[in-house]
Amino acid sequence: MKELSTAQDLSSYIDFAAHEGKEITLVGQIQNLRVLAWGGFVILRLPNYLVQCVADATKINMPLAELKPEATVRVSGTLVKANIKDVAMWPREWEVSIASIEVLSMPSEEALPVDTTKKELSCDLSTKFDYRPLTLRHPRERAIFRIASTVYNEFGEALARLGFTRICSPKIVYSGAEGGANIFKLSYFERQAFLAQSPQFYKQMMVGVFGRVYEQGPVFRAEEHDTSRHLNEYISLDMEMRLENGFEDIMQVEAAVLKSIFERLQRECAPELALLGVTAPSIDKIITVTFAEAHQIVLDQTGRDCRGEKDLDPEEERVVCDYAKKTWGTDFVFVTHYPSVKRPFYALDDPANPDTTLSFDLLFRGIEITTGGARMFRYEDYLRKMKARDMNPQLFESYLQAFRYGMPPHGGLGLGLERLVAQICGLANVKEASLFPRDRKRLEP
RNA sequence: GGGGGCGUAGCGAAGCUGGUUAUCGCGCCGGCCUGUCAAGCCGGAGAUCGCGGGUUCAAUCCCCGUCGCUCCCGCCA
């Protein structure tokens, strides 16, 4: 038996200022190497740093030329002041003056398939994904996923502060939530099951328990779309809450959560944002336009009359966003009151106009990142709506239990993590905001 | 499900109204360089031009097919 210490500091945080002038030992992978006649530089990649180390050829224990990018090394030396210009580096005020280097591992290939030492990764999307274990090591790729990590964490933490309870619903399910046909089938012992395309039913059931819940997890869509804004598996940031005043409550909570996310990005991800050349957006006001007003904006701005249509197409969403930016100075527009026919059966119709629903989409820089709205909460309403849509209530037995036993007025939303991150980072394709994207063609790596 | 574009060394690209020794940058290999920061300089190796067929004296280039990638629409987050 061996007992390990529970007292040691397990943090990867390094207090560089406190180490100045002192001995320091770092284990990291070589991001880049610059060998000069007098010695050279080793850029070391650590969990959340990129540290420059400098070597004097006459003092170091081995020639730098024997090293190569992606070798894992243990560097010992002294932390000294430096002035580093490269914005990919962090920190930039200190470097390690190397005393010795020990090689722990070397890449087995003579040459790496893509060059990760340059400012930009110059390769096609498919190449980038084919070599994901390598390409993700590039500083810009790391920056994207440090930002994604922060967005994911703050979504949960901001909601938790507002009294929401985190839930984890099953991803193996008995029936398809939205009623759509685009659901992955799965063999489950002697029966057939499905991969959840949304935690919708479970988060509604859980509103009957906690009143305010959230979930962050993967959802699966078997849609054959093949575009720069779709994935077949993505991370859905979901919440569901009792409504005190109206479906506007949902938008207010979402705006508050987004605001909190962007402020935290500014505080904690400044180097990553700078590296990507972007700034965190801000959401200081909540701008809403109705679906009908959105069509009017498109008509006024472009002359295209789409007022009869039941949805906004991507081009119209871009027009509405451009208009909102120009007119109200905002990157975010909530479009409310979508037609009932375009919304799932559980959407709550607007009593003032039953052809529309008390629902919304949130558009961010030209793309829709959220769909949300109020849900029906009376059992009879579900039976009526399901009958009208030729749905068999018996197939939704366990879901409908919640309403049979009584439910408060409630609503919620789903936010696509990759879409949000892609828009923050200015990425052309959502897949770039996914570590290992799953699309129509890709199941690997 | 429908439509557009692209496949040329490990990576990214140029070339083509048909005839070249198929070009450039990065990476790789060798040499040089006292502070680099997308380091720099000199030299070298590396490509049956995605695959199959056709037209032609001649195809990387034109045509047909096929496979792969990418973008857009529908649908969605």
Side-chain angles (χ1 to χ4, degrees), chain A residues 31-43 50-58 64-65 68-70 80 82-89 92 95 97 107 109-131 134-135 138-140 178 180-182 197-198 200 218-238 309-317 338 342-344 361-364 367-372 413-423 428-431 433-434 439-442:
Chain A
Q31 183 68 46
N32 199 185
L33 200 57
R34 296 188 196 101
V35 183
L36 295 91
W38 54 269
F41 298 90
V42 177
I43 312 301
L50 224 42
V51 180
Q52 175 163 285
C53 306
V54 58
D56 179 334
T58 62
L64 282 192
K68 46 187 180 178
E70 294 311 323
V80 298
N83 181 17
I84 298 163
K85 296 172 205 154
D86 185 353
V87 295
M89 302 293 297
R92 305 219 290 277
E95 65 185 5
S97 176
E109 318 276 314
E110 184 164 85
L112 299 171
V114 274
D115 185 2
T116 53
T117 69
K118 293 291 181 276
K119 201 176 201 168
E120 314 222 8
L121 254 188
S122 67
C123 63
D124 290 341
L125 264 193
S126 62
T127 308
K128 186 187 270 192
F129 297 142
D130 284 344
Y131 297 105
L134 209 217
T135 55
H138 185 94
R140 290 198 185 200
E178 316 276 325
N182 303 324
Q197 60 181 180
S198 161
Q200 183 62 34
V219 294
F220 307 89
R221 304 279 166 99
E223 288 151 8
E224 303 243 4
H225 42 43
D226 189 11
T227 79
S228 62
R229 44 179 210 292
H230 288 97
L231 289 159
N232 291 292
E233 174 179 349
Y234 69 92
I235 302 296
S236 185
L237 305 177
D238 271 274
E309 290 173 22
K310 297 299 182 193
D311 209 348
L312 291 177
D313 64 36
E315 176 58 27
E316 294 172 293
E317 291 179 345
Y338 277 77
K342 293 301 290 184
R343 293 280 153 157
D361 275 8
L362 175 58
L363 308 184
F364 173 32
I367 196 169
E368 114 192 29
I369 60 166
T370 284
T371 291
L413 59 83
L415 170 62
L417 174 66
E418 292 85 349
R419 283 194 179 179
L420 175 58
V421 171
Q423 293 306 89
N429 192 319
V430 256
K431 291 169 193 167
S434 176
D439 63 27
R440 183 68 186 85
K441 311 275 180 60
R442 185 174 293 275

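Convention: sequence-line order gives letters A, B, ...; per-chain numbering from 1.
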Handout entry: Verify stack between A:Phe41 ring and B:U36 base, 5.5 Å, 30 degrees
Key = yes

Practice task
Provide the closest heavy-atom pair for A:Arg440 versus A:Glu224 in the form atom of the first, atom of the second, distance.
Solution key: NE-OE1, 2.5 Å

Completion exercise
When A:Asp115 and A:Glu224 are each assigned the nearest nucleotide of RNA chain B, the 5'-most assignment goes to A:Glu224

Problem - Which residue lies more 5' along RNA chain B, comparing A:Leu125 with A:Lys119 via nearest heavy atoms - result: A:Lys119

Handout entry: Distance-only donor-acceptor test, A:His230 side-chain atoms vs B:C75 base atoms, 3.5 Å
Key = yes

Problem - Any N/O donor-acceptor pair, A:Arg34 side-chain to B:C33 base, under 3.5 Å - result: no

Problem - Electrostatic pair A:Asp130-A:Arg442, nearest N-O below 4.0 angstrom - result: yes

Handout entry: Residues A:Asp361, A:Lys342: salt bridge by 4.0 Å N-O rule
Key = no

Mind checking if [X] touches a base, just sugar-phosphate, or nothing, with heavy atoms under 4.0 Å?
{"X": "A:Val35", "result": "base"}
{"X": "A:Lys128", "result": "nothing"}
{"X": "A:Leu417", "result": "nothing"}
{"X": "A:Glu120", "result": "nothing"}
{"X": "A:Asp361", "result": "nothing"}
{"X": "A:Leu415", "result": "nothing"}
{"X": "A:Asn83", "result": "base"}

Complementary nucleotide of [N], counting Watson-Crick and G-U pairs under 3.5 Å:
{"N": "B:U34", "answer": "none"}
{"N": "B:G1", "answer": "B:C73"}
{"N": "B:G46", "answer": "none"}
{"N": "B:C62", "answer": "B:G54"}
{"N": "B:G68", "answer": "B:C6"}

According to a strict under-4.0 Å criterion, is [X] in side-chain N/O contact with OP1 or OP2 of [N]?
{"X": "A:Thr227", "N": "B:C71", "value": "no"}
{"X": "A:Lys68", "N": "B:G27", "value": "no"}
{"X": "A:Asn429", "N": "B:C71", "value": "yes"}

Problem - Heavy-atom side-chain contact between A:Glu418 and A:Lys431 under 4.5 Å - result: no

Handout entry: Same-atom distance (P) from B:A38 to B:A77, integer angstrom
Key = 42 Å

Exercise for the section: Mind checking ring-ring contact (aromatic ring centres under 6.0 Å, His included) for A:Tyr234 and listing every partner two or more places apart, or none if nothing turns up? Expected result: none

